[in-house]
2 protein chains.
Amino acid sequence: MENKAKKILIADDEPDILEIISYNLAKEGYETYTAKDGNDAVEQARKLQPDLIILDIMMPYKTGIEVCQLLRSLPAFQDTLIIFLTALSDESSHIKGLDTGADDYVSKPISPKVLVSRVNALFRRINKEDGKTVTVGNITIDPVRFIVAINGSEIVLAKKEFELLYLLASKPGRVFLRNEILSQVWGTDVIVGDRTIDVHIRKIRQKLGVDCVTTVKGVGYKFEL
Amino acid sequence: MENKAKKILIADDEPDILEIISYNLAKEGYETYTAKDGNDAVEQARKLQPDLIILDIMMPYKTGIEVCQLLRSLPAFQDTLIIFLTALSDESSHIKGLDTGADDYVSKPISPKVLVSRVNALFRRINKEDGKTVTVGNITIDPVRFIVAINGSEIVLAKKEFELLYLLASKPGRVFLRNEILSQVWGTDVIVGDRTIDVHIRKIRQKLGVDCVTTVKGVGYKFEL
DNA sequence: TTTTGTGTAAACATATTGTTAATGGAAAAC
DNA sequence: GTTTTCCATTAACAATATGTTTACACAAAA
């Protein structure tokens with residue numbers, strides 16, 4: 001399962017931050033490398049072919065966004081994970097820039113724990129999306145093609161529906177608390193109303209036409225045939 | 001499981017913020033306490049032994065970081081959850097301090113909803129630990145899947161029924177006083193009538209169909225085959 | 001017998017979820 | 001650039017499961 005250590009390249013012009021991030025990720029078993037500015041980041045990235053690149057937005061020579069755009073234009077970096085570090089003041093002006101292909105962004109000031117957990121989450125997500133098709137009974141859920149199949153016939157789910165179903169089905173039988181579902185599918189910062197999960201559950205049940213999502217009242221939901 | 005209310009200590013020198021946070025967390029069922037500066041925070045923390053401490057970084061007498069470091073050096077606070085509140089201006093100068101052992105941080109200005117969801121997430125992470133499957137004879141109680149199985153056939157219990165059974169079965173043979181049961185399953189602040197436990201016990205007996213819950217008259221109940 | 005504690009069923013209240021329709025926004029099609 | 005379609009979310013209400021109390025029966029101890 002846990003194969004070779006993932007390589008992470010961290011680019012920031014503040015040595016302190018580099019050190020803290022590097023230290024904390026190394027402690028988690030990642031192989032860390034650092035770059036001190038935009039040009040350095042590009043160079044190192046080409047050399048190392050890291051699995052994840054953490055880019056500060058504000059850096060000398062090239063901003064994180066420029067680095068990201070440059071790398072994304074290369075075939076070898078299509079699938080490389082990228083996280084932006086943004087000062088809060090950057091936010092509005094640069095959120096658009098996140099459309100350049102970042103997989104997540106973390107705002108400063110940085111809590112090592114938060115960053116580490118985001119990184120872990122990202123790798124988890126990738127590991128799953130990397131071909132981990134879930135099959136339970138006659139139901140197959142393919143995260144690569146974004147398709148659910150029951151006895152061969154394909155069913156199209158919307159994004160949230162799919163993510164929710166995939167989460168539940170990834171551990172069949174296990175109950176997911178509503179909170180858990182929220183933070184896994186919607187994220188910790190997004191707040192949605194109480195009925196949102198229900199509505200999506202209903203759509204899933206409706207579309208699948210098979211009774212495979214069970215309610216555990218007062219607790220949550222589970223996937224089960 | 002969802003037992004007694006968690007104690008949360010909130011330390012900030014702005015009364016307004018204290019009130020907002022306190023109000024919103026109390027609404028969620030937490031037991032909230034407040035401290036108005038660093039020294040106060042330390043003192044209250046030692047008195048209350050809260051489950052979670054929310055610390056503003058900038059406070060008179062002692063900063064949140066200092067409070068955190070001080071508490072973390074005490075054995076009693078090794079496992080206490082700590083969240084920092086950081087203003088934007090704190091940023092780089094205090095990032096180092098965040099490695100003192102915070103479990104999360106939330107930046108100002110604070111959205112009550114975000115804070116509440118972070119708090120919930122944090123507690124959820126902790127609660128996850130006690131999800132061990134209990135097996136006694138041919139009865140299996142699995143809190144992860146939320147089912148009870150007798151000889152392989154699954155039995156669905158309601159939440160309270162399940163929690164009650166899980167409590168008893170977690171220490172087979174041991175007698176649980178009615179008081180104990182109340183505080184463990186219902187929590188200390190919930191008041192219910194005398195017959196409530198009985199009714200749940202009866203439902204458990206009824207659903208399980210096996211005589212495994214024994215009455216110890218004048219004392220309580222125990223799980224026993 | 002009286003007292004005390006428990007078992008049980010039904011009634012009631014509440015909490016939680018299910019469902020539908022409406023809204024606004026984003027993406028896709030034109 | 002405009003229209004159209006689809007999706008995520010919310011609000012409002014219905015439906016249901018669950019939790020609690022009530023009332024009384026029953027049993028064991030005092």
Side-chain angles (χ1 to χ4, degrees), chain A residues 95-96 98-99 146-148 155-168 175-187 189-209 211-223, chain B residues 1-3 27-29 113 117 120 146-148 155-168 175-187 189-209 211-222:
Chain A
I95 280 184
K96 280 274 175 191
L98 293 175
D99 235 0
F146 222 79
I147 276 174
V148 178
I155 295 165
V156 179
L157 296 186
K159 194 170 154 215
K160 281 275 189 294
E161 293 159 17
F162 188 90
E163 287 171 3
L164 176 48
L165 176 63
Y166 188 70
L167 172 67
L168 297 180
V175 177
F176 289 82
L177 313 184
R178 295 177 86 90
N179 273 336
E180 258 177 302
I181 294 173
L182 278 181
S183 62
Q184 294 284 326
V185 178
W186 275 265
D189 292 346
V190 183
I191 307 302
V192 292
D194 280 9
R195 300 270 66 72
T196 303
I197 293 180
D198 308 26
V199 172
H200 285 278
I201 291 281
R202 162 161 162 61
K203 285 189 199 143
I204 290 171
R205 285 172 172 156
Q206 198 170 254
K207 285 187 179 177
L208 294 197
D211 185 32
C212 57
V213 179
T214 307
T215 303
V216 181
K217 225 173 167 177
V219 185
Y221 295 92
K222 63 179 170 179
F223 183 90
Chain B
M1 277 197 160
E2 199 117 64
N3 34 24
K27 208 170 58 180
E28 281 282 302
K113 287 196 176 186
S117 93
N120 285 334
F146 220 84
I147 53 173
V148 177
I155 294 165
V156 178
L157 297 186
K159 193 175 161 203
K160 280 276 190 297
E161 293 160 18
F162 188 90
E163 287 172 4
L164 175 47
L165 177 62
Y166 187 71
L167 173 67
L168 297 180
V175 179
F176 288 83
L177 312 183
R178 297 176 87 93
N179 275 337
E180 261 178 303
I181 294 174
L182 277 181
S183 63
Q184 293 287 321
V185 178
W186 274 265
D189 39 48
V190 182
I191 298 163
V192 292
D194 279 14
R195 299 270 66 73
T196 303
I197 294 180
D198 307 25
V199 172
H200 285 280
I201 291 283
R202 160 160 164 61
K203 284 189 193 145
I204 290 171
R205 286 171 170 157
Q206 198 170 253
K207 284 187 179 178
L208 294 197
D211 185 33
C212 57
V213 179
T214 308
T215 303
V216 182
K217 227 174 163 177
V219 186
Y221 296 92
K222 64 178 171 178

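Note on naming: letters A, B, ... go to the chains in the order of the sequence lines (proteins, then strands), and numbering restarts at 1 for each one.
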Undergrad: Is any side-chain N or O of A:Lys217 under 3.5 Å from a base N or O of D:dT16, one able to act as donor and the other as acceptor?
TA: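 Yes.
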
Undergrad: So, is A:Tyr221 close to the C:dT16 phosphate, meaning a side-chain N or O under 4.0 Å from OP1 or OP2?
TA: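 For C:dT16, OP1/OP2 do not have a side-chain N/O of A:Tyr221 under 4.0 Å.
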
Undergrad: Name every residue in residues 193-201 of chain B that has at least one heavy atom under 4.0 Å from any atom of DNA chain D, in order of residue number, or write none if there are no such residues.
TA: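 Those residues whose heavy atoms fall under 4.0 Å from DNA chain D, taken from residues 193-201 of chain B in numerical order, are B:Gly193, B:Arg195, B:Thr196, B:Val199, B:His200.
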
Undergrad: Partners of A:Val192 by side-chain contact (heavy atoms from CB on, under 4.5 Å), sequence neighbours excluded?
TA: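 For A:Val192, the residues satisfying side-chain contact (heavy atoms from CB on, under 4.5 Å) (neighbours in sequence not counted) are A:Leu182, A:Trp186, A:Val190, A:Thr196.
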
Undergrad: Under 4.0 Å between a side-chain nitrogen and a carboxylate oxygen: does that hold for A:Asp198 and A:Arg178?
TA: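 Between A:Arg178 and A:Asp198 there is a salt bridge, with a charged N closer than 4.0 Å to a carboxylate O.
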
Undergrad: Hey, are B:Arg205 and B:Thr215 close enough side-chain-wise for a donor-acceptor pair under 3.5 Å?
TA: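 Checked: B:Thr215/B:Arg205 side chains pair up, N/O donor to acceptor below 3.5 Å.
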
Undergrad: Does C:dT17 have OP1 or OP2 sitting under 4.0 Å from an N or O in the side chain of A:Arg178?
TA: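 True: A:Arg178 side-chain N/O within range (under 4.0 Å) of C:dT17 OP1/OP2.
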
Undergrad: Given atom NZ of B:Lys203 and atom C1' of C:dT6, what is their separation to the nearest angstrom?
TA: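 Taking NZ of B:Lys203 and C1' of C:dT6, I get 16 Å after rounding.
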
Undergrad: Do the side-chain N or O atoms of A:Trp186 get closer than 4.0 angstrom to the phosphate oxygens (OP1, OP2) of D:dT9?
TA: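 A:Trp186 to D:dT9 OP1/OP2: side-chain N or O found under 4.0 Å.
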
Undergrad: Under 4.0 Å: is that the gap between some side-chain N or O of A:Thr215 and OP1 or OP2 of D:dA17?
TA: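 No.
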
Undergrad: To the nearest Å, how far apart are A:Glu163 CD and D:dT9 P?
TA: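 Going from CD in A:Glu163 over to P in D:dT9 covers 10 Å.
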
Undergrad: Find the distance A:Asn179:CG to C:dT16:P and express it as a whole number of Å.
TA: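 Result: 12 Å.
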
Undergrad: Both B:Ile191 and A:Glu161 contact DNA chain D. Which one's nearest nucleotide lies toward the 5' end?
TA: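 The answer here is A:Glu161.
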
Undergrad: Would you give the length of the straight line joining atom NZ of A:Lys207 to atom CZ of A:Arg202, rounded to the nearest 0.5 angstrom?
TA: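 The NZ atom of A:Lys207 sits 11.5 Å away from the CZ atom of A:Arg202.
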
